[in-house]
Amino acid sequence: MIKDAARSLRKDLDRAVFYWIVFILSSMFMFTFFHLALSEAVGVTFIYSNNDLPTYLTVFDVLICMVVIFLANDFYVKKKSKELAVILICGGTYLQLVEFLLIQTGILMVFSIPVGIGLGWACFPLLSLLIKTMSGCEIEIGFGMQSVALTASVIILEVFWCTMLNLGYAYRNSICSLLRGEEKIKLRVPKVLNAKGIRFIYLALYFGCACLLYTCKKSPERMLFLGFAGTAGLWGSIHKVVFPWLEKGVMEKWGDDGEKLVYMGLFRADLKMARLYIALFIASANILCAMMAGTVEASAEFVLCLISFAVIIPLLALSLMFRFATEAAGRRTKFLTLRKIGYVESRLKRIRDKELLCLYGFVTAAAMIYIFGIVVVLSAGRLIPAEVGAGILLIFTGSLGACGLVNRRQYERSAR
């Protein structure tokens, strides 16, 4: 079983490497941030907290790292469903499925956690210099047992829950369900909520909350409520407005344009998995910027919020990149079919580029409407410096742009 698991990792090396990188970066950030937050200059204590904002910020950052790892693990294991089905067809038992998954995820975790902790430790001097340059505060980040204990606790919790989720997935699926892929439970929605007029309430909620952000100059705490309400509106708009429009276009409008028919159909599939990341982008940026508001004078707290934004947003972008890369790896047969019916390579390249442009363009635009509004309000109210606002926008667009370019190169290789 060990040889089979190792052979499976080599066969699916691209996906395994992406999962490994996500685990490294999450472990690295948690290890570094715990040491930074528990330093004497910041003073986070989880029992008798004398500094509420850094405590909440630390908890939030750790939760986002855990969510990213859970998402990566969940998708990585579900893409192994056909291999698990083959094991069952060949007479394998549940215990052998468990062993197969434990060996694969165990290898990736064992090799990623020490690397992440080592990289985090190596970043201590650079982080101290960065904080001193930005805020003028001297923060000495040293190796601390409390920080190590907290990091170890979170990592052990992650490994435990990832293992339990993997075992549960292997246990509750039969051969047929594994071959089909896991089916989702479809909830019955009342007919009233499916009415055409009701659908556009989601759009009104999304754009209305975005406009109301500009009225929060004197009360930035309202941005949290508007951000979450807008995220709910966006979620409903994608499900009730965008998806029906794409389905109608594929069925009725784009039949004569073979190129557009293909890339819009692929974009529809991409958007189903990307809407969760759009919601996470908006919610994370909203919370971090709200925490950042008014902390300019408390320089250590301000820099802590800025560092969190500069790490959490790229981490979410990497998670989206990983998710798309795993989807793209399974599309080789689709592109092979397109080649057989007459699509030349240059045309297929345009299809892939337009699909990626639609996906990353939609993610960027949907989240930027809120992030740009938050930055404008905070900068106009002098709650953050204008150059910091520009940096926030650059971090967001740069992270997605860089991940999009990596996906483009990887997509070309996987489609051959």
Side-chain angles (χ1 to χ4, degrees), residues 71 75 183-213 226-286 316-317 319-321 323-328 331 334 350-373 396-397 400-401 403-404 407-408 411:
L71 288 173
F75 200 68
E183 292 186 357
K184 296 181 179 179
I185 298 174
K186 296 181 179 179
L187 299 176
R188 292 186 177 180
V189 181
K191 292 182 179 179
V192 177
L193 297 180
N194 282 326
K196 290 184 178 179
I198 298 296
R199 294 177 184 178
F200 292 98
I201 291 178
Y202 293 114
L203 282 175
L205 180 62
Y206 171 66
F207 288 106
C209 289
C211 293
L212 288 174
L213 282 175
L226 292 173
F228 287 121
T231 302
L234 176 64
W235 189 273
S237 298
I238 293 175
H239 184 61
K240 297 296 183 182
V241 180
V242 179
F243 284 160
W245 176 76
L246 288 171
E247 288 170 4
K248 185 177 180 180
V250 169
M251 297 297 294
E252 300 176 8
K253 297 181 180 180
W254 306 320
D256 296 332
D257 188 345
E259 194 171 297
K260 188 173 184 180
L261 181 68
V262 175
Y263 74 75
M264 292 301 281
L266 293 173
F267 169 61
R268 180 184 57 180
D270 297 335
L271 193 56
K272 289 181 180 179
M273 65 86 180
R275 59 177 175 169
L276 174 61
Y277 293 94
I278 301 173
L280 287 173
F281 275 123
I282 296 176
S284 300
N286 192 21
L316 288 173
S319 183
L320 174 62
M321 182 184 76
R323 186 70 178 268
F324 180 83
T326 53
E327 287 282 357
R331 291 179 178 170
K334 294 181 180 179
R350 286 199 304 271
I351 288 173
R352 292 192 296 266
D353 290 345
K354 289 179 180 178
E355 179 199 352
L356 278 171
L357 185 61
C358 288
L359 173 62
Y360 278 92
F362 187 90
V363 173
T364 303
M368 182 61 78
I369 288 175
Y370 274 76
I371 295 175
F372 180 78
F396 177 73
T397 54
L400 283 174
C403 290
N407 271 149
R408 181 176 181 269
Y411 202 3

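Side-chain atoms are counted along with the backbone in the values below, which use heavy atoms only and exclude waters and symmetry mates.
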Which pair of heavy atoms, one from [X] and one from [Y], lies closest together, and at what distance?
X	Y	result
Ala232	Tyr202	O-CD2, 4.4 Å
Leu316	Tyr277	O-CD2, 4.1 Å
Ala367	Phe281	CB-CB, 4.2 Å
Ile282	Gly227	CG2-O, 4.2 Å
Arg408	Leu356	CA-CD1, 3.4 Å
Thr397	Met368	CG2-CE, 3.1 Å

Phe372 atom CZ, over 12 foreign heavy atoms within 6.0 Å: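 Atom CZ in Phe372 is not crowded, with 12 or fewer foreign heavy atoms closer than 6.0 Å.
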What distance separates [X] [atom1] from [Y] [atom2], expressed to the nearest 0.5 Å?
X	Y	atom1	atom2	answer
Leu213	Ile371	CG	CD1	11.0 Å
Leu226	Cys211	CG	SG	10.5 Å
Arg331	Leu266	CZ	CG	5.0 Å

Got a donor-acceptor contact below 3.5 angstrom from the [X] side chain to the [Y] backbone?
X	Y	answer
Thr231	Ala279	no
Tyr206	Ala366	yes
Tyr370	Ala210	yes

Any heavy-atom pair between the side chains of [Y] and [X] that's under 4.5 Å?
X	Y	result
Leu71	Met273	no
Arg275	Val242	no
Leu271	Leu246	yes
Cys403	Tyr360	yes

Leu320 and Leu400: CA distance, side-chain angles, deciding distance, side-chain contact (heavy atoms from CB on, under 4.5 Å) verdict: CA-CA 9 Å; Leu320 174 62; Leu400 283 174; 4.1 Å; yes
Results of salt bridge (Lys or Arg N to Asp or Glu O under 4.0 Å) for Glu247 - residues two or more places apart only: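 Applying salt bridge (Lys or Arg N to Asp or Glu O under 4.0 Å) to Glu247 gives none.
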Qualifying residues under side chain to side chain contact (heavy atoms under 4.5 Å, CB included), relative to Cys358, sequence neighbours excluded: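 Cys358: side chain to side chain contact (heavy atoms under 4.5 Å, CB included) contacts with Tyr263, Met264, Phe267.
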Derivation of the side-chain contact (heavy atoms from CB on, under 4.5 Å) call for Ile278 and Trp235: CA-CA 9 Å; Ile278 301 173; Trp235 189 273; over 6 Å; no
Pair Glu327 + Lys272: basic N to acidic O under 4.0 Å: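 Between Lys272 and Glu327 there is no salt bridge, as every charged N stays at least 4.0 Å from the carboxylate O atoms.
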Plane angle bin for Phe324 and Tyr411 - parallel if under 30°, tilted between 30 and 60°, otherwise perpendicular: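 Rings of Tyr411 and Phe324: perpendicular, over 60°.
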Result of checking Asp270, Leu357, Ile238 against Phe362 for side chain to side chain contact (heavy atoms under 4.5 Å, CB included):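 Looking at Asp270, Leu357, Ile238, the match for Phe362 under the side chain to side chain contact (heavy atoms under 4.5 Å, CB included) is Ile238.
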